[in-house]
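Order of the sequence lines sets the chain letters (A, B, ...), proteins ahead of strands, with each chain counted from 1. Computed from a predicted structure; not experimentally measured.
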2 protein chains.
Amino acid sequence: MSKAGHTGSNEAARQRLQMADIARLAGVSTATVSRALNNSPLVNQETRTRILELAASLKYSINIGAQNLRLKQNRTVGVLIPFDPRTHQSLTDPFLLAMLGSLADALTERGFDMLFSRIGTDEIGLAAASYDSGRVIGIIMVGQWGRHQELNALAARKVPLVVWGAQLPQQLYCCVGSDNVNGGRLATEHLIAQGRRRIAFFGDSALPEPAQRYRGYCEALARHGIAVDPRLQVSCSFLPEGGHEAVAALAARGVDYDAVFACSDLIAMTAIDSLRSLGRHVPDEVAVVGYDDIDQASWFHPRLTTVRQPIGAAGRALVDALLAQVEGGAALSAELPTELVIRASAGETAT
Amino acid sequence: MSKAGHTGSNEAARQRLQMADIARLAGVSTATVSRALNNSPLVNQETRTRILELAASLKYSINIGAQNLRLKQNRTVGVLIPFDPRTHQSLTDPFLLAMLGSLADALTERGFDMLFSRIGTDEIGLAAASYDSGRVIGIIMVGQWGRHQELNALAARKVPLVVWGAQLPQQLYCCVGSDNVNGGRLATEHLIAQGRRRIAFFGDSALPEPAQRYRGYCEALARHGIAVDPRLQVSCSFLPEGGHEAVAALAARGVDYDAVFACSDLIAMTAIDSLRSLGRHVPDEVAVVGYDDIDQASWFHPRLTTVRQPIGAAGRALVDALLAQVEGGAALSAELPTELVIRASAGETAT
DNA sequence: GTGAAAGCGCTAACAG
DNA sequence: CTGTTAGCGCTTTCAC
């Protein structure tokens, strides 16, 4: 909300057509114009059409700001995608694009607009600024970013809020996400079924979603009597560097592995790139399973076996959960189903 | 602008704190609160701090809608990414994510908010709705989508508008883009330098940007005395299917080629995927050059040789051009430089 | 320094 | 059916 310069657009806005102009031109009062434009049945058929035509020909459109003020209404929703202030890159994962598209569609369908912002993960407490100032009726935040407490604080303040992420204990805010534990389980089971035993885990386990996927991974290993080797768990970011970092870390540790379960397709892909540089064949020497099922997964080489998150449903679920809150309803968290998509990167055989 | 249901948030908005509340609590008039909150020097130092603290502790924030109405100002910009109504997918190219991120950053830097919408390419005439209704002070549209006339019409109406795309004759609207002709030339020259002679062109040449890249391609061929073979020019979409379509089309035509210049990295990548399925080696049998230089280009296999568009500069240029118009200045179109990034997909040797 | 009052562009009683 | 009037939450002369 820093105001840079005086670029307030005062000049341009000043000369815009308004209801009074239409009224004068049509020879009626603004009340009648208002009624006509809002399709009130109270207004005479022919005056209505006359007004409508006049407005259309002049491209007049009701000033939403004034209308909102008068009606105490608002149909815009804030969408926030946080970024790590240390790198300031975040819009780097194609999964987010798909999510944004899905949210835009879901909002449009319901007649809402989207105010989009990035925000530093260190200033998530300020996420409600747009709500406090009446700019938006609620906020959809993509990812928890390890800011559980701040999010709880927002919810405690009754800021309408839905977060894409993982269900956590002591969670006051509404959270929509996919079934991460099951996703981790599916991926790991598949790898085990391919005969792999030394399965590495790539993901930032300080974050809730990767942590739950890790739990699924551990459960699957346990079920098959395979010991969890902590040296196979490597923490890496969701940035494109993630996979490279992780492969390098494993090499530095000198541990052996024959498979990787990566917490995003992006990590999986960059990991595969690193493995290729190291001369390790995927999937023969190292089988890789990703997460998300972004578009690229289906034409990457090798085609990525991955856990699909239902992105279309996700956008709708997030929006619905938010609107429910706004209308005073309960903020129901939801967990969407995940599903394994078998392609080539983890070996050819289906489970 | 279709209103679905009555989810207007009337209920929630109703009980929000407002300036009068702060005034009452502080024992002053709203005028004083307004002055204090706006850092007017007219207000007494201690009353000011008292009011500021009160407001902060109550998380009160000035209602922007009312403020905007009173001040006739507005600091939000509309960003539109059109989609093809036949497929309704459009947020499918990672290049767009990068662009969106760049725009978000540039707007934030200048203290503006972004209202993001998708819109059908068939309803671009409606793109100004958010401007006409005073929702935004101007519009940034990503891509021309073959709607030159509609865009000209908007500009003729004096809607503040900047389009990411190609400079065209008889262009009334402000347009920022990269140097497409040079980009096409660079890519093609590189391919020729690698000894390729049968260079296919992949891109929707009905669109201005691909058309200009094609011109650069033709120029480069001409300079080297290579005849342009129209059968090597294949029109394909910017969707992920693009590359697949194009490779299939060429196969159907039965024409031979040893190189591809693709109008986006996405097309290049999916084309490579198809070529691989056909058993044709990249770059040995077919050298491929892409366009955009998205993140993935550097870790795709083979690493993509591509024409870089300066995305960071693009966002800033688009925003600056728009704000200049809003402030009543001239709408200066701009062409950003393009640059060839040599990696592996077109052969190893630099030009 | 501070308050009273008018008005930004619109809508909704309330009269007629 | 239509116009008059008041007021949404804020800012800003103009008095005091």
Does [X] place a side-chain N or O at less than 4.0 Å from the phosphate oxygens OP1/OP2 of [N]?
{"X": "T30(A)", "N": "dT11(C)", "answer": "no"}
{"X": "Y60(B)", "N": "dG9(D)", "answer": "no"}
{"X": "S29(A)", "N": "dT4(D)", "answer": "no"}
{"X": "K72(B)", "N": "dT11(D)", "answer": "no"}
{"X": "T32(A)", "N": "dG3(D)", "answer": "yes"}
{"X": "Q67(A)", "N": "dT11(C)", "answer": "yes"}
{"X": "N68(B)", "N": "dC8(C)", "answer": "no"}

* **Nearest-nucleotide pick for A31(B), side chain only, options being dT11(C), dT11(D), dA4(C)** =>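 Per side-chain heavy atoms of A31(B), the pick is dA4(C).
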* **Which nucleotide in dG3(D), dG3(C), dG9(D) has an atom nearest any side-chain atom of R35(B)** =>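 Looking only at side-chain atoms, R35(B) lies closest to dG3(C).
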Would you kindly give the [atom1]-to-[atom2] distance between [X] and [N], to the nearest whole Å?
{"X": "N39(A)", "N": "dT11(C)", "atom1": "CG", "atom2": "P", "value": "12 Å"}
{"X": "R70(A)", "N": "dC8(C)", "atom1": "CZ", "atom2": "P", "value": "15 Å"}
{"X": "Q73(A)", "N": "dG9(D)", "atom1": "CD", "atom2": "C1'", "value": "16 Å"}
{"X": "M19(A)", "N": "dT11(C)", "atom1": "CE", "atom2": "C1'", "value": "8 Å"}
{"X": "L37(B)", "N": "dG9(D)", "atom1": "CG", "atom2": "C1'", "value": "13 Å"}
{"X": "N63(B)", "N": "dC10(D)", "atom1": "CG", "atom2": "C1'", "value": "8 Å"}
{"X": "N74(B)", "N": "dG9(C)", "atom1": "CG", "atom2": "P", "value": "13 Å"}
{"X": "I51(B)", "N": "dT11(D)", "atom1": "CD1", "atom2": "C1'", "value": "14 Å"}

Any side-chain heavy-atom pair of [X] and [Y] under 4.5 Å:
{"X": "M99(A)", "Y": "I81(A)", "result": "no"}
{"X": "L37(B)", "Y": "Y60(B)", "result": "yes"}
{"X": "L100(B)", "Y": "V142(B)", "result": "no"}

* Asked: If each of S61(A) and V28(B) is mapped to the nucleotide of DNA chain C with the nearest heavy atom, which maps nearer the 5' terminus, i.e. the 5' end?
  ->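 The residue closer to the strand's 5' end, by nearest nucleotide, is V28(B).
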* Geometric class of the H88(A)/F83(A) ring pair [parallel <30°, tilted 30-60°, perpendicular >60°] ->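 Tilted, since the angle between the ring planes falls between 30° and 60°.
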* To do: Going by the side-chain contact (heavy atoms from CB on, under 4.5 Å) test, name the single residue among V319(A), L323(A), V136(A) that passes it with F112(A).
  => L323(A)
